[in-house]
Participant: 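I'd like to ask you about the structure that follows.
When a residue number appears, it is its place in the shown sequence, counting from 1.
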Amino acid sequence: MSARRGTIDVHTHILPERWPDLKERYGYGGWIQLHHHCNGKASMMKDKDGQLFREIEENCWSPEARIKEMDETGVAVQVLSTVPVMFSYWAKPEDTLDLCTILNDDIAKAVKKYPTRFVGLGTIPMQAPEQAILELRRCVVELGFAGVQIGSHVNQWNLDAPELERVFAVAEEIGACIFVHPWDMPEDERMKKYWLQWLVGMPCETAVAICSMIFGGVLERHPRLRVCFAHGGGAFPFIIGRVEHGFKSRPDLCAKENPFNPRKYIGQIYTDTLVHDEGALKYLASTIGEVGV
């Protein structure tokens, strides 16, 4: 990649312009389908109930539209990853793997076409760790990606689940970075109003992911594992004092699997800068460290 002056945006999502009818392809529903309804606009629709998930524009699938906007806003490089709703950890592993292949191959095309402007992050079927490892290796070794994007949890597993240990071990071994994005937030009645799942649920999800990786010893066992957390690490940087206090005052609950103070890992984790507030960004940089942001 040639040097280009400007911002590197590590948090950008991309989709193929079109993909197969997944309900028809796999024989059951629950998937997202893309319906192009006018020039340059499309609807992401839930095939199970026909509800709208999100309206998107051509910059979500067109590398050329992205580059035009990048040039206008001083962005030198974008790191491309799928929209998290496409993770599909709930599905049959072989179907999720098939969808991952479709999404990853599309990202690879954009990276190959514009190698100085885009870097790829793949998606992998985390509910089936051995298959996830195979696709992780393919993403890094064959497609040339920097790593993968994963969800903040995998169904009922937090990121310290023993089932996921080998995924992180292989990522560390091959030098793949991990971008953790919140997803699948609680949908109970209290969270349905006011878009609270996204506004409040997402920062909480990311904090749970970070605490799980720290308290569960994942970061201790894999000191060379590069992990970046979305949205400025969610709520974690703002509750680090509370987390440390809990570790010190209730080691019987918090230090059962890792005896080290959570602050030890501040220099080991990374976050993006997507916090939507200048004061919050300054605090994030002072807490996580400018190198880690």
Participant: Under a 3.5 Å cutoff, is there a donor and acceptor pairing between the side chains of His222 and Glu172?
Facilitator: yes
Participant: Determine the minimum heavy-atom distance between Trp19 and Met86, stating which atoms define it.
Facilitator: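 Nearest heavy atoms, Trp19 then Met86: CZ2-CE, 3.8 Å.
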Participant: Hey, does Arg117 have a side-chain heavy atom less than 4.5 Å from the side chain of Val75?
Facilitator: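 Answer no - side chains too far apart.
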Participant: Would the distance check show the side chain of Asp277 and the main-chain N or O of Ala280 forming a donor-acceptor pair, the cut-off being under 3.5 Å?
Facilitator: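 Judged by distance alone, yes, a pair lies under 3.5 Å.
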Participant: Is the shortest heavy-atom distance from the side chain of Glu173 to the side chain of Arg166 under 4.5 Å?
Facilitator: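 Heavy-atom side-chain distance check fails, nothing below 4.5 Å.
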Participant: Verify whether one side chain among Gln149 and Thr82 offers a donor that lies under 3.5 Å from an acceptor in the other.
Facilitator: no
Participant: Where the side chain of Gln127 meets the backbone of Ala91, is there a donor-acceptor pair that is under 3.5 Å apart?
Facilitator: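 Such a contact is found between Gln127 side chain and Ala91 backbone.
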Participant: Could you work out, with ring-ring contact (aromatic ring centres under 6.0 Å, His included) as the rule, every residue matching Phe215, not counting sequence neighbours?
Facilitator: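 By the ring-ring contact (aromatic ring centres under 6.0 Å, His included) rule, Phe215 matches no residue at all.
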Participant: Working to the nearest 0.5 Å, report the span between CG of Leu136 and SG of Cys100.
Facilitator: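 Leu136 atom CG to Cys100 atom SG measures 11.0 Å (nearest 0.5 Å).
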Participant: Do side-chain atoms of Ser212 reach the backbone of Asn158 as a donor and acceptor pair under 3.5 angstrom?
Facilitator: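 Pair absent, no side-chain N/O of Ser212 close to backbone of Asn158.
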Participant: Is a donor on one side and an acceptor on the other found under 3.5 Å between the side chain of Thr96 and the backbone of Ser88?
Facilitator: yes
Participant: Is His36 atom NE2 crowded by more than 12 heavy atoms from other residues, nucleotides or ligands, each under 6.0 Å away?
Facilitator: yes
Participant: Does Ile214 reach the side chain of Phe247, with side-chain heavy atoms less than 4.5 Å apart?
Facilitator: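 They are not in contact (no side-chain heavy atoms under 4.5 Å apart), so the answer is no.
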Participant: Which residues pass the salt bridge (Lys or Arg N to Asp or Glu O under 4.0 Å) test with Glu72, sequence neighbours left out?
Facilitator: Lys68
Participant: Could you check whether any side-chain N or O of Glu135 sits under 3.5 Å from a backbone N or O of Pro125, counting only pairs where one atom can act as donor and the other as acceptor?
Facilitator: no
Participant: Should Glu278 and Tyr283 count as side-chain neighbours, where that means a heavy-atom distance under 4.5 Å?
Facilitator: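 Result no, sub-4.5 Å side-chain heavy-atom pair not found.
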Participant: Testing the 3.5 Å rule here: is there a donor-acceptor pair between the side chains of Asp47 and Tyr28?
Facilitator: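 Checked: Asp47/Tyr28 side chains show no N/O donor-acceptor pair below 3.5 Å.
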Participant: More than 12 foreign heavy atoms under 6.0 Å from CD of Glu24: is that the case here?
Facilitator: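 No, CD of Glu24 has 12 or fewer neighbouring heavy atoms, counting only those of other groups under 6.0 Å.
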Participant: What residues, two or more places apart in sequence or in another chain, satisfy side-chain contact (heavy atoms from CB on, under 4.5 Å) together with Met185?
Facilitator: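 Met185 satisfies side-chain contact (heavy atoms from CB on, under 4.5 Å) with Gln197, Trp198, Met202, Glu205 once adjacent residues are dropped.
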Participant: Is there side-chain contact between Met45 and Leu34, with heavy atoms separated by less than 4.5 Å?
Facilitator: no
Participant: Per the ring-ring contact (aromatic ring centres under 6.0 Å, His included) rule, which among Phe53, Phe87, Trp90 passes with Trp31?
Facilitator: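 It is Trp90; the other options fail the test.
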Participant: Which heavy atom in Val119 sits nearest to a heavy atom in Ala146, and how many Å separate them?
Facilitator: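 Nearest heavy atoms, Val119 then Ala146: CG1-CB, 3.7 Å.
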Participant: Residues two or more places apart in sequence or in another chain: which of them pass side-chain contact (heavy atoms from CB on, under 4.5 Å) with Thr271?
Facilitator: Leu284, Ile288, Val293
Participant: Can you tell me if Glu94 and Tyr26 form a side-chain donor-acceptor pair at under 3.5 Å?
Facilitator: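 Absent: no donor and acceptor within the cut-off.
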Participant: Where the side chain of Asn104 meets the backbone of Thr123, is there a donor-acceptor pair that is under 3.5 Å apart?
Facilitator: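 Indeed, once roles are kept as given, a pair shorter than 3.5 Å links the two residues.
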Participant: Do the side chain of Gln268 and the main chain of Leu219 share a donor and acceptor less than 3.5 angstrom apart?
Facilitator: yes
Participant: Would you say Tyr89 and Ile150 make side-chain contact, with heavy atoms under 4.5 Å?
Facilitator: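 A side-chain contact under 4.5 Å exists here.
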Participant: If we count only N and O atoms by modelled type, under 3.5 Å, do the side chains of His13 and Ser81 hold a donor and an acceptor together?
Facilitator: yes
Participant: Is Asp106 reaching over with its side chain to a backbone N or O of Lys109, donor-acceptor style, under 3.5 angstrom?
Facilitator: no
Participant: Please examine the side chains of Ser43 and His37, heavy atoms only from C-beta on, and report whether any two atoms are closer than 4.5 Å.
Facilitator: yes
Participant: Counting only heavy atoms not in Lys264, do more than 12 fall under 6.0 Å of its NZ?
Facilitator: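 Enclosed.
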Participant: For Leu121 and Cys177, which heavy atoms make the closest approach, and how far apart are they?
Facilitator: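 The answer is CD2-SG, 3.8 Å.
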Participant: Indicate whether any N or O donor in one side chain lies under 3.5 Å from an N or O acceptor in the other, for Glu69 and Asn59.
Facilitator: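 Side-chain D/A pair, Glu69 to Asn59: present.
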Participant: For residues 221-240, which residue pairs qualify under salt bridge (charged side-chain N to carboxylate O under 4.0 Å, His left out), counting only residues two or more places apart or in two chains?
Facilitator: Glu165-Arg221
Participant: I'd like to check Leu196 versus Arg190 (side-chain heavy atoms, cut-off strictly below 4.5 Å). Are they in contact?
Facilitator: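 No, every pair of side-chain atoms sits at 4.5 Å or beyond.
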Participant: Phe179: what forms a ring-ring contact (aromatic ring centres under 6.0 Å, His included) with it, not counting sequence neighbours?
Facilitator: His11
Participant: Decide whether His231 and Asp272 meet the rule of one side-chain donor and one side-chain acceptor closer than 3.5 Å.
Facilitator: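 No - no donor-acceptor pair under 3.5 Å links their side chains.
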